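Note that ligands are numbered from 1 as they come in the structure, with each ligand's atoms numbered from 1 the same way. No experiment lies behind these values; they were computed from the predicted model shown.
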Amino acid sequence: MNSNKIISIKKFERNGVWEAANRRLPAEPGVWIMRQAGRYLPQYRKLREKFQQFMDFCAEPDIVTEVTLQPVDAIGVDAAILFSDILVLLPPLGLSLSFHEGKGPVIANPLRSEQQVQQLKAVDVQDSLAYVLQSIKQIKAALGTRVPLLGFAGGPFTVASYMVEGGSSKELAQLKKMMFSDPKAFHSLMDKITTVTIDYLTAQSRAGADILVVMDSWAGYLNPEDYQNFVFPFTSKVFQAVKIACPDCPLLHYANGASSLLPQFSQLGADALGLDWRCDLREVLQSYPNQVFQGNLDPCTLFAPVKTIQAKTRQLKQRVEGRAHIFNLGHGILPQTPVDAAKAFVDTIHEG
Ligand code: CP3
């Protein structure tokens, strides 16, 4: 009798992302793509046409369910990600948010003073974000055991950047101005976002999200010292609190252009860390032998001929051989990406 045999219980039909997020080497590699439900898919664009405002589109659980499942069916990814946005927290906090073609998010009443920060509303996520939690329940019912569902929220710094800048920004000058010249206002803002984010992520897990991602896309705008002093305490609080509230839910972290902050990120308490494409993956893997990573193909690789996509994906697989790894792009898939290219990436991850 083989008493040493480890029986691995397969939780999902496509288990690769789930296993790696749990820091185990998967039997088969798993892949998902940042922004995998989106404008590069014709079936997404067709549904999107029916809504003028992006936020109205995100607020319809039936639509959200359909859009969330599209890439699982169309390109065969090994995880679904809730179709929503990191900015859905802003309206409940009292900010006026709209999305404009070619311009992205616009906040009509950005925060510039401590007084404005103090006027932010307290948020009951069960109430004001009920539509997201309802979507998660419907998505889980529609997915069954096919693939895990990722929920997500923005990192407090990235969410703060939109609240203070009033939209996307190249330098984050307004946010840094507040950080350096009015640290009390900055801390108070970060504290408020942290509290809502913990509640929101916990509620997503309880509604059925299997894995949670904290997307602190713009953390890389900071040097390690400022990140450590101004951001780490808040982001790490999010990880610690959600881990205690949802001990069985793996937690991922993503930041763009931020490999200089890996020493800090590795202390956050995340199960896996996202990498963009600018870093040398071999060096990173060597420096962090026990850390699971996610990434890191350049999204623009998907504009190359299929043969090149295959070659670069095989090279990526070779580099992480023997390591638990979540395959992904280094940032979101671009709207102009051919669907066949996204599929070639996923198929190459899955080939023998
Ligand atoms: O498929 C998925 O990944 C799930 C959906 C998702 C969206 N946004 C949909 C979206 C996710 C996970 C996000 C996260 C998000 N949103 C981040 C963090 C990840 C990253 O990409 O760095 C950030 C910084 C945002 C903020 C945001 N939302 C911007 C800057 C924009 C405008 C630029 C753009 O991509 O259009 C959005 C709008 C947005 N969020 C769209 C989608 C599909 C496009 C809106 C539309 O279709 O009109």
Pick from Asp85, Asp216, Asp276, Asn256: the one approaching atom 16 (N) of ligand 1 most closely through a non-hydrogen atom: Asp85
Exercise: do Asn256 and Arg278 side chains pair donor with acceptor under 3.5 Å: yes
Spatial distance of atom CD (Gln336) from atom CG (Leu302) [nearest 0.5 Å]: 11.5 Å
Nearest-contact summary for atom 12 (C) of ligand 1 - protein heavy atom, Å: Phe152 CZ, 3.4 Å
All side-chain contact (heavy atoms from CB on, under 4.5 Å) counterparts of Pro335, not counting sequence neighbours: Arg39
Evaluation steps, side-chain hydrogen bond (donor to acceptor under 3.5 Å, both in side chains), between Asp78 and His350: CA-CA 10 Å; Asp78 302 303; His350 290 155; 2.6 Å; yes
Short N or O distance, Ala37 and ligand 1, threshold 3.5 Å exclusive: yes
Closest protein heavy atom to atom 25 (C) of ligand 1, given as residue, atom name and distance to 0.1 Å: Arg35 NH2, 3.4 Å
Sub-4.0 Å atoms of ligand 1 with respect to non-hydrogen atoms of Tyr44: 43 (C), 46 (C), 47 (O)
Cationic N near anionic O, under 4.0 Å, Arg146 to Glu13: no
Numbering as shown, the atoms of ligand 1 that approach Met215 to under 4.0 Å (heavy-atom distance): 12 (C), 14 (C), 18 (C), 19 (C)
For atom 24 (C) of ligand 1, the protein heavy atom that lies nearest, with its residue and separation: Tyr162 OH, 3.4 Å
Proximal atoms of ligand 1 relative to Arg48 (non-hydrogen, under 4.0 Å): 46 (C), 47 (O), 48 (O)
Ligand-side contact atoms (ligand 1) for residue partner Gln36, heavy atom cut-off under 4.0 Å: 1 (O), 2 (C), 3 (O)
Ligand 1 atoms in contact with Phe99 (distance to a heavy atom under 4.0 Å): 28 (N), 37 (C), 38 (C)
Atom 42 (C) of ligand 1: nearest protein contact (heavy atom, Å): Phe54 CZ, 3.5 Å
Protein non-hydrogen atom found under 4.0 Å from atom 33 (C) of ligand 1: no
side-chain hydrogen bond (donor to acceptor under 3.5 Å, both in side chains) between Asn223 and Asp226, intermediate numbers included: CA-CA 6 Å; Asn223 65 43; Asp226 289 334; 3.3 Å; yes
Between Ser266 and Gln291, a side-chain donor and acceptor under 3.5 Å: no
Min heavy-atom dist Leu82 to ligand 1 below 4.0 Å: yes
Ring pair (Phe, Tyr, Trp, His ring centres under 6.0 Å) contacts touching residues 56-88 (sequence neighbours left out): Tyr44-Phe57, Tyr44-Phe83, Phe51-Phe57, Phe54-Phe83, Phe57-Phe83
Contact check, Gly332 vs ligand 1, heavy-atom distance below 4.0 Å: no
From Pro335, Ser161, Gly104, Pro105 - option closest to atom 29 (C) of ligand 1 by heavy atom: Pro105
Nearest-option assignment for atom 44 (C) of ligand 1, heavy atoms, candidates Met55, Gln70, Arg39: Arg39
Interatomic distance, Arg112 atom CZ to Met163 atom CE [nearest 0.5 angstrom]: 12.5 Å
Phe152: which of Ile211, Leu212, Ile81, Leu252 passes side-chain contact (heavy atoms from CB on, under 4.5 Å): Ile81
Identity and distance of the protein heavy atom lying nearest atom 18 (C) of ligand 1: Ser217 OG, 3.3 Å
His331 heavy atom under 4.0 Å from ligand 1: yes
Numbered atoms of ligand 1 (with element) below 4.0 Å of Ser168, judged on heavy atoms: 30 (C)
Which residue and heavy atom of the protein sit nearest atom 6 (C) of ligand 1, plus the separation: Ser84 O, 3.2 Å
Separation of Leu268 CG from Lys243 NZ (nearest 0.5 Å): 12.5 Å
Output field: ring centroids Phe265/Tyr227 closer than 6.0 Å: yes
contact_flag Ile86 ligand 1 heavy-atom lt 4.0 Å: yes
Heavy-atom side-chain proximity of Asn296 to Leu316 below 4.5 angstrom: yes
